[in-house]
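Notes to accompany the following structure.
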Amino acid sequence: MKPEKGVFIGQRKDRMGARLLMMLTCIRLAEDFDTSYRVNWFPKGADAPELDQPQELFSQEWMDEHFLSTESFDALGENSLPIWSFQGDATPDRLISHLNSGRSVVVEEGFEVLAFQWEDIEQIRPRYREFIHKIGFTDEIRTIMEKADAKLSGKGVSAYHIRRGDILNGLPWKHTTWPAKIEPEELYAAHLGKNAGCAAIMFSDQPELVARFQVQFPHLMQMSDIADLSSLTRAQRDFLELYTMSRADQLIAPYVSAFSMAAARISGQQGKVFRDVLNEDEVKRANEQVIARLHRGPEEFLNLSEAAHIYAKASFYLHGLGAGDRAEEALELVQPLMDAGSDNAFLPLLQALNYFYLNRWAEALEMTEAAFENPHIWPEDFAVVTALQAAIFGGQKKRWKAAQVFSRAFWTKPMRPDVIIFGSRLLYREQIAQRAMPPMDWVMQKAIRRPWFNYNAHVAQRKVLGRPPCNFDLILLDWASLSVDQRARRLTSNRSRLQTLADGLESSTQLPEDVCISREDPRFEGVQSLLRLHLGDTSLAQSLDIARKVAKRLPDNPLYLKRLAELYEKDGDFVNGRLAMADALACDPGNPFLVFAMGQYLERNGAEEQGQNQIIQAGELDDNTAAIQGEAGRIYLQRGEKQNARVHLSKAHALCPTLKRYSNQLKRAGGK
């Protein structure tokens, strides 16, 4: 008997926009692969309480046909595969075979129009606009949808989305910056003024802003001009605003907004950003108007937090390429906000950067301390402040202090662009004491560069560096276990990061003569071989052979002996691995990083107690590395020695106060 055909099962754990797009994708797939679809509306771990009453949106008849119970989902899910497992296929054959065998496909894609390699996404995208009508909404919802269609569809309307609300005023979001989610009002006004004769509608989670725009642009519509939603639930309002937004002929919004992004996808179009609809002069003029408003003071904004966030956005323009030297002006814009009592945790960081650009080290240092004192500072910003402070110490020629502080920043967030930029500056200027860092090849580290970052960071990159930044993934290649950032630890499984390292290694042979690396250099061979192994381009046996030759040519360099030990371990040769690790430690017996590496090696390979004792010894030798202190504390806690555990966990927590793991372990050890 032929099995019943498999279905597409859509599920998302987040909010309205992503769930809707997931359903539209399921409708599309079911239509194209001649099957049906189901929706798991209540997946485990869902985080959207406003959507817990789906009957507010969907008819009972439609839900009875398409919604899955937990039991039904579990049954169908047993033999299902995720949709992404088919996206690398060159043909639809395997997917068709999978469905025909009665097995289902789980669809969790929620922000992009999905297309396979054998499909043309531009033919699929426009179809999404009509898919929304195949969902069984209630009569109440459908009535308002029809009003939106009648008012907007095909009328040349521009829709604008202004993201504000919780990220400006709510905890904890107000305490970090959102440059990709926020655009100043002046950019919206520039486009509205340029298209004054065209119909327009504006959406915002801060209605005061829409009201302010309507004074200047009376033709501007808002949702209440379509229908009164005041008596509806949050889920109903969210959906109807999103749907109405999708009916416009063009949607202009910040770079990153899940709400407007979903509306654009549902409409069958790509959303637009201001760079798409304003020319360079218009953008520049709008930005100068933003700065003029900031000069007039905080009272020009809805509240202090909005003013601080708009300043954060304006600072990218003030410090951008071609902007000239405007650090003094930027400094003057921040001070009134701080004097007025702004409590946004990121503001002292931005002011510290202004002082840094002006080489005013003492004031910059004072501002970094103010940033540290704010209990709401985000972990990423804490790492940036720490790296900035290291660069300040470097500017004051305090090399040991700079190295210690940079080390703390790096092990906290080693992939953060600002951290890498400041670390590169310290390295290029020889403002870092190498002994404070684990054994590494500083010549190779300085020579292997990476491209400039092309996404937002707090720091103005070219005001800090005159050449592309170093690629600090080279450190993580050998010392990832010292990082408390789990993403950073996964370097060897991230092909893109490994390839960027390999590209930087290749480029190191073409640098100026004083820093150029020769291909015949054993250090070049060692790094190249290790990268090729991780990329799958060479065998373990070949890498081991090269590592042995490199270690013989560099017998006093513990880094290459440690690498050799780990390759032996990978090959299952624990005896030779242990000998190589011992040789590495013999090069520098009191080095806490090498003692720690030996302890980890022993712990992994059958000598657990001996390895743990080595880790504890490393914790006694080291006073600046959270991961070492944390591991020593964990071992003592595991052994029931709470007093000793508190000593090390207190240090780990002080070194990395934003990491909850150490504070939680410290509490279990009886600390505060």
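- Inspection of the Arg265 and Gln270 side chains reveals an N or O donor paired with an N or O acceptor under 3.5 Å.
- Between Tyr188 and Tyr160, the two ring planes are perpendicular [angle over 60°; tilted spans 30° to 60°].
- At least one donor-acceptor pair closer than 3.5 Å links the side chain of Tyr357 to the backbone N or O of Ala460.
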For this session: Kindly determine whether Ser305 and Asn303 satisfy side-chain hydrogen bond (donor to acceptor under 3.5 Å, both in side chains), including the steps that lead there.
Result: CA-CA 6 Å; Ser305 185; Asn303 53 50; 4.7 Å; no
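- Heavy-atom neighbours of Gln643 CD from other residues, nucleotides or ligands within 6.0 Å: at or below the threshold of 12.
- Side chain of Ser342 to backbone of Met338: no donor-acceptor contact under 3.5 angstrom is found.
- Judged as a salt bridge (Lys or Arg N to Asp or Glu O under 4.0 Å), the pairs with a partner in residues 180-189 (not counting sequence neighbours) are, in order, Glu183-Lys313, Glu185-Arg212, Glu185-Arg293, Glu186-Arg293.
- Judged by distance alone, the side chain of Trp400 and the main-chain N or O of Arg435 form no donor-acceptor pair under 3.5 Å.
- Here the rule is side-chain hydrogen bond (donor to acceptor under 3.5 Å, both in side chains) with Arg408, and of Asn624, Thr625, Thr386 only Asn624 fits it.
- Ring pair Trp361/Tyr355: centre-to-centre distance not below 6.0 Å.
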For this session: Take Glu363 and Gln351, measure what side-chain hydrogen bond (donor to acceptor under 3.5 Å, both in side chains) needs, and give me the verdict at the end.
Result: CA-CA 9 Å; Glu363 292 123 316; Gln351 189 69 320; over 6 Å; no
Exercise. Run the side-chain hydrogen bond (donor to acceptor under 3.5 Å, both in side chains) check on His458 and Asp381 step by step: do they pass?
Worked result: CA-CA 9 Å; His458 291 309; Asp381 293 345; 2.8 Å; yes
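- The salt bridge (charged side-chain N to carboxylate O under 4.0 Å, His left out) test applied to Glu299 returns no partner, not counting sequence neighbours.
- His161 places no side-chain N or O within 3.5 Å of a backbone atom of Ala253 that could act as its donor or acceptor partner.
- A donor-acceptor pair under 3.5 Å links the side-chain atoms of Trp378 to the main chain of Pro172, judged by distance alone.
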For this session: Determine, step by step, whether Phe356 and Lys463 satisfy the side-chain contact (heavy atoms from CB on, under 4.5 Å) criterion, reporting the C-alpha distance in whole Å, the side-chain angles of both residues, the deciding distance to 0.1 Å, and the verdict.
Result: CA-CA 10 Å; Phe356 176 82; Lys463 290 202 171 186; over 6 Å; no
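- In this structure Glu430 satisfies the salt bridge (charged side-chain N to carboxylate O under 4.0 Å, His left out) test together with Lys446, sequence neighbours excluded.
- With sequence neighbours left out, the salt bridge (charged side-chain N to carboxylate O under 4.0 Å, His left out) criterion links Asp343 to Lys174.
- Gln629 places a side-chain N or O within 3.5 Å of a backbone atom of Asp622 that can act as its donor or acceptor partner.
- Legend: salt bridge (Lys or Arg N to Asp or Glu O under 4.0 Å) pairs involving residues 466-475, not counting sequence neighbours, sorted by first then second residue: Asp473-Arg497.
- For CD of Glu366, the number of neighbouring non-hydrogen atoms (other residues, nucleotides, ligands) closer than 6.0 Å is 12 at most.
- Listed here is the closest heavy atom pair of Trp452 and Pro469: CE3-CD, 3.9 Å.
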Exercise. How far apart are the C-alpha atoms of Gln486 and Arg490, what are their side-chain angles, what is the distance that settles it, and do they pass the side-chain hydrogen bond (donor to acceptor under 3.5 Å, both in side chains) test?
Worked result: CA-CA 7 Å; Gln486 293 302 314; Arg490 295 194 288 268; 5.1 Å; no
Problem set entry | Derivation and outcome, salt bridge (Lys or Arg N to Asp or Glu O under 4.0 Å), residues Arg285 and Glu288 | CA-CA 5 Å; Arg285 196 158 47 243; Glu288 291 295 346; over 6 Å; no
For this session: Decide yes or no on side-chain contact (heavy atoms from CB on, under 4.5 Å) for Gln389 and Phe372, but give the supporting numbers first.
Result: CA-CA 11 Å; Gln389 196 174 80; Phe372 285 137; 3.4 Å; yes
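- No more than 12 heavy atoms of other residues, nucleotides or ligands shown are found within 6.0 angstrom of CH2 on Trp84.
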For this session: Assess whether salt bridge (Lys or Arg N to Asp or Glu O under 4.0 Å) is satisfied between Arg416 and Glu380, documenting all intermediate values.
Result: CA-CA 7 Å; Arg416 174 77 191 195; Glu380 293 80 4; 6.0 Å; no
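- Residue pairs meeting the salt bridge (Lys or Arg N to Asp or Glu O under 4.0 Å) criterion with at least one partner in residues 643-669, sequence neighbours excluded, are absent.
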